[in-house]
Trainee: 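Below are the structure tokens for one structure; questions will follow.
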2 protein chains.
Amino acid sequence: MKAHTIAIVEDHILLSQAIASLVDSFKDFNVLYTCKNGKELLTKLKTPSNIPDIILMDVNMPILNGIETTEIVKNEYPEVKVIALSVEENDTTIIKMLKAGAKGYLLKDVEKDILELALLETVKHGYYHTKDVSNILINSLNSDDSGKIQLKDREIEFIIHTCSEMTYKEIAEKMFLSPKTIDGYRDNLFQKLHVKNRIGLVLYAIKNGIYKI
Amino acid sequence: MKAHTIAIVEDHILLSQAIASLVDSFKDFNVLYTCKNGKELLTKLKTPSNIPDIILMDVNMPILNGIETTEIVKNEYPEVKVIALSVEENDTTIIKMLKAGAKGYLLKDVEKDILELALLETVKHGYYHTKDVSNILINSLNSDDSGKIQLKDREIEFIIHTCSEMTYKEIAEKMFLSPKTIDGYRDNLFQKLHVKNRIGLVLYAIKNGIYKI
DNA sequence: TTAAAAAAGGGGAAAAACACCCCTTAAATA
DNA sequence: TATTTAAGGGGTGTTTTTCCCCTTTTTTAA
């Protein structure tokens, strides 16, 4: 009998089933089920026999994304370990995911042996990180904290409007502010985000998931 | 003995190995090898024993992408059938891939049974398409052809510069053109792509893979 | 609790972007 | 051969953006 059970959460069904096939080929692991998003997972988990040892979780999903789902799982099923699985190399996403309670973070371009190792280490020690991810973590901690640029809600609102091909005048109307105040938002953000113009703002927003295309 | 050999071309190793595991579980198929990009595939193919019946090819890859690779494979190894495998639902990409010579196009959110069916049908009839892709094809043919917006090389160059936070003056210098010509490019593109300003241009470029972030 | 910082508002002016006219020349194509 | 299309450029505006400067109020921190 195989020792440990795995659930897979991934929105692309073929990938989900392919990873399931791979995990099933590992000696000590057994895929309990796969699901398409966080919402589906949470429904499944309500049945006690559906609680796996480890959840392999994609980060970018519609309906309920990996970060939100991981947070809920950590609170309601603290004994279940979540390993994030993502193509995303974005530092902030990784940190968000780990903060949400993920015990590991694997990039989709690792070897299958690393996946197996990660699963083994996670059942044995409770966590596993590849060197890449560890380095990102160390950097993020060493970067004297101030590293994280914190945007205010109102600023994010402004950025989203900027990404929507609106002029500042239009944004001012939409946000019930004077065009001059909007000027201030923009000037601040240019400095804060080290960009030269609106284009830079849009690129920053897309890169950091503020604006989705 | 399994009847048909498959090669997998996909830049994310874990996915590549996962799909390999899945394909190996199919009764009539056998994965010959996997590779990380088009260049690696072309090197492999030089050894006659490495020529598979079907190549499962990712579309978005670094080094040599799916479209370019498929074109080369079609010309040099016409007996090999290429099936595209992609998360991309972008119509133009699909059409480009099929034009390049792909015998099928699967989205990564199909069921594994569909993948098996696609492989079977491809060896039997030479091609396979899911309904989704067929519909896209039909639409693209019915849309009185004019549907496809064709960008010129010089226009694409201009768009990429625009995405790089450059002013039009800077772009003009970079492209050895008068600022007035650049004005013309911009005005033309605004009309052609139905956008209001530079932001729209940037969004279009990112959506259509012209500019990668 | 007071000083400092941040948020929210704005003015003026220069630079850039945008819009809409126009033109020539060469190449492709009908 | 005539006509269209691609490629390059000009002129003249208006609007928007950008970059300085400023005040007042509200938070935050010492």
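Proteins come first, then strands; the chains are lettered A, B, ... in the order of their sequence lines, and each starts at number 1. Note that this is a predicted model, so its numbers are computed, not measured.
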Trainee: Is it true that, when you exclude A:Asn75 itself, more than 12 heavy atoms of the residues, nucleotides or ligands shown sit nearer than 6.0 Å to its CG?
Mentor: yes
Trainee: Grab the NZ-P distance between B:Lys169 and C:dA14 for me, whole Å please.
Mentor: 15 Å
Trainee: Closest nucleotide of DNA chain D for B:Glu155 versus for A:Lys196: which of these residues is on the 5' side?
Mentor: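 Going by which nucleotide is closer to the 5' end, it is B:Glu155.
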Trainee: Using atom CD of B:Glu157 as one end and atom C1' of D:dG8 as the other, report the distance to the nearest whole Å.
Mentor: 14 Å
Trainee: Check the distance between D:dA7's C1' and B:Met175's CE and give it to me in whole angstrom.
Mentor: 11 Å
Trainee: Please report, rounded to the nearest Å, how far the C1' atom of C:dA8 is from the CZ atom of A:Phe158.
Mentor: 14 Å
Trainee: With a 4.0 Å cut-off on heavy atoms, is A:Asp183 in touch with a base, just the backbone sugar-phosphate, or nothing at all?
Mentor: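 Since a base atom lies under 4.0 Å of A:Asp183, the category is base.
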Trainee: Rounding to an integer number of Å, can you tell me how far B:Ile182 CD1 sits from C:dA15 P?
Mentor: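 In whole Å, C:dA15 P lies 21 Å from B:Ile182 CD1.
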Trainee: Taking CD1 from A:Ile171 and P from D:dT16, how many angstroms apart are they, rounded to a whole number?
Mentor: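 Computing the A:Ile171:CD1 to D:dT16:P distance gives 12 Å.
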Trainee: Is the backbone N or O of B:Asp113 less than 3.5 Å from a side-chain atom of B:Glu116, with the two atoms forming a donor-acceptor pair by type?
Mentor: no
Trainee: Evaluate the criterion salt bridge (charged side-chain N to carboxylate O under 4.0 Å, His left out) for residue pair A:Glu155 and A:Lys192; output intermediate values, then yes/no.
Mentor: CA-CA 11 Å; A:Glu155 285 179 331; A:Lys192 211 159 92 168; 3.0 Å; yes
Trainee: Out of C:dA17, C:dG9, C:dA19, which has the shortest distance to the side chain of B:Lys180?
Mentor: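 Of C:dA17, C:dG9, C:dA19, C:dA19 is nearest to the side chain of B:Lys180.
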Trainee: If you assign B:Leu177 and B:Asn197 each to the DNA chain D nucleotide with the nearest heavy atom, which residue ends up on the more 5' nucleotide?
Mentor: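 Residue closer to the 5' terminus by nearest nucleotide: B:Leu177.
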Trainee: Any side-chain N or O of B:Thr181 less than 4.0 Å from the OP1 or OP2 oxygen of D:dG9?
Mentor: yes
Trainee: Does a side-chain N or O of B:Ser178 approach OP1 or OP2 of D:dG10 to a distance below 4.0 Å, or not?
Mentor: yes
Trainee: Tell me whether the count of non-hydrogen atoms from other residues, nucleotides or ligands lying under 6.0 Å of NZ in B:Lys169 goes above 12.
Mentor: no
Trainee: What is the distance, rounded to the nearest whole Å, between atom CG of B:Asn188 and atom C1' of D:dG9?
Mentor: 13 Å
Trainee: Heavy-atom count around A:Phe190 CZ within 6.0 Å, excluding the residue itself: above 12?
Mentor: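 Atom CZ in A:Phe190 is crowded, with more than 12 foreign heavy atoms closer than 6.0 Å.
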Trainee: Regarding B:Arg186, tell me which of base, sugar-phosphate or nothing describes its non-hydrogen contacts under 4.0 Å with the strands shown.
Mentor: base
Trainee: Can a side chain N or O of B:Tyr168 be found less than 4.0 Å away from OP1 or OP2 on C:dC18?
Mentor: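 Yes.
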Trainee: Output yes when at least one side-chain N/O atom of B:Arg154 is less than 4.0 Å from OP1 or OP2 of D:dG8, else no.
Mentor: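 For B:Arg154, the contact criterion (side-chain N or O under 4.0 Å from OP1 or OP2 of D:dG8) is met.
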Trainee: Between A:Arg198 (CZ) and D:dT15 (C1'), how many Å, whole number?
Mentor: 11 Å
Trainee: Could you please name the option among D:dA6, D:dG9, D:dT17 that lies closest to any side-chain atom of B:Lys152?
Mentor: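 Output: D:dA6.
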Trainee: Using a heavy-atom cut-off of 4.0 Å across all strands, would you classify A:Tyr185 as base, sugar-phosphate, or nothing?
Mentor: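 Sugar-phosphate, no base atom in range.
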